[in-house]
There are 2 protein chains.
Amino acid sequence: MSLLVVGSVAYDAIETPFGKVERTLGGAATYSSVAASHFTKVHLVGVVGEDFAADDEAVLTSRRIDIEGLERAAGKSFFWSGRYNENFNERTTLVTDLNVFAEFRPKLPAHYRNAPYIFLANIDPTLQRAVLKQMRRKPKLVTLDTMNYWIERTPDELRETLRHTDVLMINDAETRQLSNEHNLLRAARHIANLGPTTLVIKRGEYGAMMVHGGQAFCVPAFPLEEVHDPTGAGDSFAGGFMGYLAGRKHASTADLKRAMVYGSVMGSFAVEEFGLDRLRRVTRREIDARARHFARLTQFTL
Amino acid sequence: MSLLVVGSVAYDAIETPFGKVERTLGGAATYSSVAASHFTKVHLVGVVGEDFAADDEAVLTSRRIDIEGLERAAGKSFFWSGRYNENFNERTTLVTDLNVFAEFRPKLPAHYRNAPYIFLANIDPTLQRAVLKQMRRKPKLVTLDTMNYWIERTPDELRETLRHTDVLMINDAETRQLSNEHNLLRAARHIANLGPTTLVIKRGEYGAMMVHGGQAFCVPAFPLEEVHDPTGAGDSFAGGFMGYLAGRKHASTADLKRAMVYGSVMGSFAVEEFGLDRLRRVTRREIDARARHFARLTQFTL
């Protein structure tokens, strides 16, 4: 089944201890779409400027991502620049130029409006809600990302949007902030009362934890000897998670657990090279091999 | 098979958001011995002062821990006092009175000297080495804990002791400091060259990672709705890990993985109540039930 992805498409300048790129395709919707495209058909909604290059469009279309919903606006594309320290545990944002993204109003082409799976990457919750309003029928599964900015500035709009969300996918600091609870199990119970029956907590180098039906499920981050660029890891996780579920056409507890594994697998590929370099070229065979490797990393018999 | 545990036996004063205890039995060797005693026969080596109470001795003997090697010296027992902040992510040490522990020289009773499994809790590496020299034959498995103090102050003595160590069990900061490598897989390779063929990295609320034979294995911390006192969690993990292995009489890769699970299970019981309150009363039935619960938390089918 197809997956609708809505969010930022950007150009990134990235500096890590392994090198530097001046301008590479990025953005939350881009990472999650490319990750998901290995599992299912993706319909992308976003906005780019007049500077959006044919080569970058080809990155998306070569992954068979439907970009009819990728609007071209007068002006420049969203530009972000950041630098990671030696151990990748600190990121300094150098530049955030929203450009055309500041006026982004998601418009869904007609054939997007039946998509059963939706990933709403981190944007204004009012816009996330506007996407859901354009759907012709109730989606099977809506997953939403958000951040401290919206939790603090637009709590009412976020709460309204959460009422229509099945899976909330945020990091631990955001979980604690939204629920006002330090303990993650109690935070999940608080959040379930806001709407999302599933909470996926992203914990960076420590992996991710899902709380679904009162039960927790944990996956580690896949240990790598070399991380070259952590940009987009969380969005690639989201893309792997949602892409896997959309491809399965089911979302049983066992499916959700496997989706956590494929999310972690796609996050691990994303960070191996700069920008989308690894994620766009990885093969399904490599993905499945890493999922099996992931099993050796976590599975035991009592 | 029996397990020899060597390390600190102390009195702790602990303050957490859930309450306060003025004086409770603690120390690394105590927590690890009590945790291990649920799986195997434990021989304890440590030192206490004249203030060591009959009730506290009974805590150990009621778990059938052999305390012939628990020396009584003139003076007071090791005393530690600490306070945890609201979210348990910061601990302030208020008092560290080494007392009789400052002159601790481990002496093994004759019947301890054939113990096939040894856990050397965090003490001076020269003393850890002195324990190994007293063994009549090469143990099956030696696990060692250490800390930044010894890594910085006595690096040569630590290296000499590591040559006779099978499993090094430390936290991530210590792993990075000892290996001078931020990446944990590369750090494990560095440490394998020092002697320990297995590295267990304790990561607090994020669980633990083992690297053995070039392969990683991860366990999460068991999610609890209420943590009352994190004191001794890492030592209880070590006790569960070593106790399980000693009880199994094997240390295959599958056994080591299960030992990681039982380590995490015992760590989770330790933090549910103050001091040893939960750990000493938990039943084998409860331990096994939590291990099965742990499987639901981590196991998936591809």
Side-chain angles (χ1 to χ4, degrees), chain A residues 17 85-89 172 176 181-189 201 203-211 214-227 244 253-262 264-265 287-302, chain B residues 17 85-89 172 176 181-189 201 203-211 213-227 244 253-262 264-265 288-302:
Chain A
N85 74 344
E86 206 187 336
N87 299 330
F88 294 107
N89 47 11
D172 24 12
R176 285 163 174 154
E181 266 288 357
H182 187 81
N183 183 284
L184 297 177
L185 290 182
R186 286 207 299 271
R189 215 161 48 211
I201 304 167
R203 305 170 111 184
E205 65 165 312
Y206 301 109
M209 176 163 107
M210 172 172 74
V211 186
Q215 294 289 315
F217 178 72
C218 295
V219 290
F222 189 84
L224 293 169
E225 288 225 8
E226 282 200 354
V227 170
Y244 176 77
T253 301
D255 290 318
L256 287 167
K257 288 180 174 185
R258 279 189 288 269
M260 290 284 286
V261 172
Y262 280 101
S264 194
V265 163
I287 292 167
D288 290 335
R290 185 160 291 180
R292 289 191 299 272
H293 194 162
F294 203 93
R296 293 197 293 280
L297 175 70
T298 54
Q299 305 301 283
F300 58 85
T301 52
L302 281 179
Chain B
N85 75 342
E86 205 186 336
N87 300 329
F88 294 107
N89 47 11
D172 24 12
R176 285 163 174 154
E181 266 288 355
H182 186 80
N183 182 284
L184 297 179
L185 290 182
R186 286 207 300 270
R189 216 162 46 212
I201 305 167
R203 306 169 109 184
E205 66 165 311
Y206 301 109
M209 177 162 107
M210 171 171 74
V211 186
Q215 295 289 315
F217 178 73
C218 295
V219 291
F222 189 83
L224 293 169
E225 289 225 9
E226 283 199 354
V227 170
Y244 177 78
T253 302
D255 290 318
L256 287 166
K257 288 180 173 186
R258 279 189 288 270
M260 290 284 285
V261 171
Y262 280 101
S264 195
V265 163
D288 290 335
R290 185 159 290 180
R292 290 191 298 273
H293 195 161
F294 204 93
R296 293 196 293 280
L297 174 71
T298 54
Q299 305 301 284
F300 58 86
T301 52
L302 282 179

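Order of the sequence lines fixes the chain letters, A, B, ..., with proteins taken first and strands second; residue numbering starts at 1 for each chain.
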Please name the pair of heavy atoms, one in A:M210 and one in A:K257, separated by the smallest distance, quoted to 0.1 Å. CE-N, 4.0 Å
Which region of B:E181, side chain (C-beta onward) or backbone (N, CA, C, O), has a non-hydrogen atom less than 4.5 Å from a non-hydrogen atom of chain A, or is it both or neither? neither
Residue B:L297 versus chain A: region with a heavy atom under 4.5 Å: both
Sort B:R189 into side chain, backbone, both or neither according to what part of it lies under 4.5 angstrom from a heavy atom of chain A. side chain
So, the part of B:N89 with a heavy atom under 4.5 Å from chain A: the answer is side chain
Please classify the contact between A:E205 and chain B as side chain, backbone, both or neither, with a heavy-atom cut-off of under 4.5 Å. both
Can you confirm whether more than 12 heavy atoms, excluding those of B:E86, are under 6.0 Å from its CD atom? no
Name the region of B:P220, side chain, backbone, both or neither, that has any atom closer than 4.5 Å to a heavy atom of chain A. side chain
How many angstroms lie between CZ in B:R258 and CZ in B:F294, if you round to the nearest 0.5 Å? 14.0 Å
So which of A:G207, A:A291, A:A254 has the largest heavy-atom pair count under 4.5 angstrom toward chain B? A:A291
Non-hydrogen atoms of chain A under 4.5 Å away: do they reach the side chain of B:D172, the backbone, both or neither? side chain
Looking at B:F222, I'd like to know if the NZ or CZ of B:R290 sits under 6.0 Å from its six-membered ring centre while staying within 45 degrees of the ring's axis. yes
Distance-only, no hydrogens or angles: does the B:N183 side chain make a donor-acceptor pair with backbone N or O of A:L224 under 3.5 Å? yes
